[in-house]
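Quick notes on the structure that follows.
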Amino acid sequence: MPGEAVTTRRHLPAGTAAVPPYDVQVTPDSAGWRYSSLRILKLGAGQSHRLHTGVEEMLVLPLSGACRVECDGEVLELAGRPDVFSAVTDLAYLPRDAEAVIGSDDGGRFAIAGARCQRRLPVRYRAAYEVPVELRGAGSCSRQVNNVCSADSFEADRLIVVEVLTPAGNWSSYPPHKHDEERPGVEAELEEIYYFQVRTGGSAPRGFAYHRVYGTPLRPIDVLAEVRSGDVVLVPHGWHGPSMAAPGYDLYYLNVMAGPGPERSWLICDDPDHAWVRGTWADQPVDPRLPMTRSVTEEARP
């Protein structure tokens, strides 16, 4: 929204980016960049929310609960999931220049990921069983990636969205990498939002993790944040990673990315000081706790 104050902070603790009716609202204007956005919407039983996409394409992704999405004459029923640590979810794609209504009979929490774009694509539904689930890394660097709106698996104009689940004690988004330069075939320029949730365990009311972002002498940035459920980290540029799941606490994060490149692609460049770590994975097994989630609709797959 024009006139929004630009944040100078890159770590936004839970509640600090709330703009009613959203628990989180990060827009290109508030982040001080050009494309990526994220809103977290909480609905009570029987409640609904009307939104205008404007110049953004958007993805409605249930974090907990089910919802109904009405847009351009289409009615999409999202079965959702109990929580992000229970299952992969289905989702809805909304085009730019559209009006949509999100309603929930039983209530829930819903991520609305967006990107400013040029093309107007049609409203679409993606079933949970259609979401590719990928296991990356090995050993203590093992994690799960749900490619809900990756460049190679779901059409969008600029928007890229993935979910990452990291078992307790593991390191994710590692080795540190960046995607802040347009280098065809090597690196794509992408702004990135991290939205975190941590699974609590035992008697602890709130789990935690750590996240790192650092820059170069020409483009400095320095974030080392203790993150908890509901926290956001903004990555306009620079090396980012690792995301460290503390022992005892599984970690989830939602990544929203978009950029100006002529092709929608997710190309990264490892920090050369740490890229060698990838070479150690060949002889290590993937963490047996993975995959942590599967599609709740796999049995209904046609």
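- For CG of D273, the number of neighbouring non-hydrogen atoms (other residues, nucleotides, ligands) closer than 6.0 Å is greater than 12.
- Remark: L59 CG to L91 CG distance equals 5.0 Å, nearest 0.5 Å.
- Looking at R143 and D250, no side-chain N of the basic residue comes within less than 4.0 Å of a carboxylate O on the acidic one, giving no salt bridge.
- The pair E57-R158 fails the salt-bridge criterion, with no side-chain N (NZ, NE, NH1 or NH2) lying under 4.0 Å from an Asp/Glu carboxylate O.
- The distance from atom OG of S142 to atom CE of M292, rounded to the nearest 0.5 Å, is 12.0 Å.
- A side-chain donor from one of E192 and H179 sits under 3.5 Å from a side-chain acceptor of the other.
- Residue D106 qualifies as open at atom CG: its count of foreign heavy atoms under 6.0 Å is 12 or below.
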Item to check | Evaluation steps, side-chain contact (heavy atoms from CB on, under 4.5 Å), between W239 and T216 | outcome: CA-CA 8 Å; W239 309 104; T216 64; 3.9 Å; yes

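- Defined by atom type and a distance below 3.5 Å, a donor-acceptor pair is missing between the side-chain atoms of T27 and D29.
- Remark: D222 engages R212 in a salt bridge, criterion side-chain N to carboxylate O under 4.0 Å.
- T200 contributes no side-chain N or O that, together with a main-chain N or O of R206, makes up a donor-acceptor pair within less than 3.5 Å.
- Distance check, rounded to the nearest 0.5 Å: CG of N147 to CD of E163 gives 10.0 Å.
- The backbone N or O of C117 lies less than 3.5 Å from a partner atom in the side chain of R96, making a donor-acceptor pair.
- Side-chain atoms of E74 never come within 3.5 Å of backbone atoms of E70 as a donor-acceptor pair (strictly under, hydrogens ignored).
- Checking Q144 against R289 by side-chain atom types alone, no donor-acceptor pair falls below 3.5 Å.
- In this structure the side chain of R126 reaches within 4.5 angstrom of the side chain of S153, judged on heavy atoms.
- Checking E191 against Y35 by side-chain atom types alone, no donor-acceptor pair falls below 3.5 Å.
- With a 4.5 Å cut-off on side-chain heavy atoms, R183 and C269 count as touching.
- No side-chain heavy atom of N146 sits under 4.5 Å from any side-chain heavy atom of V162.
- Contact between D231 and A14 at its shortest, heavy atoms only, is OD1-N, 2.7 Å.
- Side-chain contact check for V101 versus V69: every heavy-atom pair is 4.5 Å or farther apart.
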Next on the checklist: Please evaluate residues S104 and F110 with respect to the criterion side-chain contact (heavy atoms from CB on, under 4.5 Å), reporting the C-alpha separation (whole Å), side-chain torsions for both, the decisive distance (0.1 Å), and the verdict.
Outcome noted: CA-CA 10 Å; S104 180; F110 309 96; 4.0 Å; yes

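- Under the 4.5 Å side-chain criterion, counting only non-hydrogen atoms from C-beta, Y214 is in contact with P176.
- The shortest heavy-atom contact between P95 and C71 is CD-SG, 4.1 Å.
- Looking at every heavy atom in both residues, S243 comes nearest to H211 through OG-ND1, 2.6 Å.
- Taking the six-membered ring where the residue is Trp, Y194 and F196 present parallel rings, their angle staying beneath 30° rather than reaching 60°.
- Side-chain contact annotation: Q118 with D157, donor-acceptor N/O pair under 3.5 Å absent.
- Looking at S172 and T166, their side chains do bring a donor and an acceptor atom within 3.5 Å of each other.
- In this structure a side-chain-to-backbone donor-acceptor pair under 3.5 Å is missing from R109 to G65.
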Checklist entry - What do the steps show when you test M244 against L251 for side-chain contact (heavy atoms from CB on, under 4.5 Å), and what is the final call? => result CA-CA 8 Å; M244 297 162 274; L251 176 65; over 6 Å; no

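- Salt bridge annotation for R68-D105: present, with a cationic side-chain nitrogen under 4.0 angstrom from a carboxylate oxygen.
- At least one side-chain heavy atom of E134 sits less than 4.5 Å from a side-chain heavy atom of R136.
- Counting heavy atoms from C-beta on, the side chains of Q197 and S229 come closer than 4.5 Å.
- Listed for the H237 side chain is no donor-acceptor partner under 3.5 Å among the backbone atoms of V235.
- For D270 against A275, the heavy-atom pair with the smallest separation is CB-CB, 3.8 Å.
- Here OH of Y195 is found 8.0 Å from CG of L38. Values are rounded to the nearest 0.5 Å.
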Item to check | Residue pair N255, I193: steps toward the side-chain contact (heavy atoms from CB on, under 4.5 Å) verdict | outcome: CA-CA 6 Å; N255 287 145; I193 301 169; over 6 Å; no

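- For the pair W33 (side chain) and S36 (backbone), a donor-acceptor distance under 3.5 Å is present.
- Side-chain contact check for S173 and Y253: at least one donor-acceptor pair (N or O, by modelled atom type) lies under 3.5 Å.
- Put simply, the side chain of R119 gets close to the backbone of A156: a donor and an acceptor are under 3.5 Å apart.
- Using a 3.5 Å distance cut-off with no hydrogens or angles, the side chains of S37 and E56 do pair a donor with an acceptor.
- With rounding to the nearest 0.5 angstrom, the CD1 atom of I40 is 11.0 Å from the CD atom of Q25.
- Although no hydrogens or angles enter the test, the distance criterion places a donor-acceptor pair under 3.5 Å between the side chain of D90 and the main chain of G80.
- Side chain of D180 to backbone of G238: a donor-acceptor contact under 3.5 angstrom is found.
- When all heavy atoms of S265 and A188 are compared, the pair lying nearest together is O-CB, 3.5 Å.
- With respect to L290, the side chain to side chain contact (heavy atoms under 4.5 Å, CB included) criterion is satisfied by exactly one of L135, V133, L165: L135.
- In the model, D271 has no side-chain atom that pairs as donor or acceptor with a side-chain atom of H177 under 3.5 Å.
- The aromatic rings of Y22 and H49 sit perpendicular to each other, their planes meeting at more than 60°, with 30° as the lower class boundary.
- Rounding to the nearest 0.5 Å places CG of L63 at 6.0 Å from CZ of R81.
- Residues Y174 and W281 approach most closely at O-CH2, 3.5 Å, considering heavy atoms.
- The closest side-chain heavy-atom distance from K178 to I268 is not below 4.5 Å.
- Looking only at distances, a side-chain donor or acceptor of R264 sits under 3.5 Å from a matching main-chain atom of L159.
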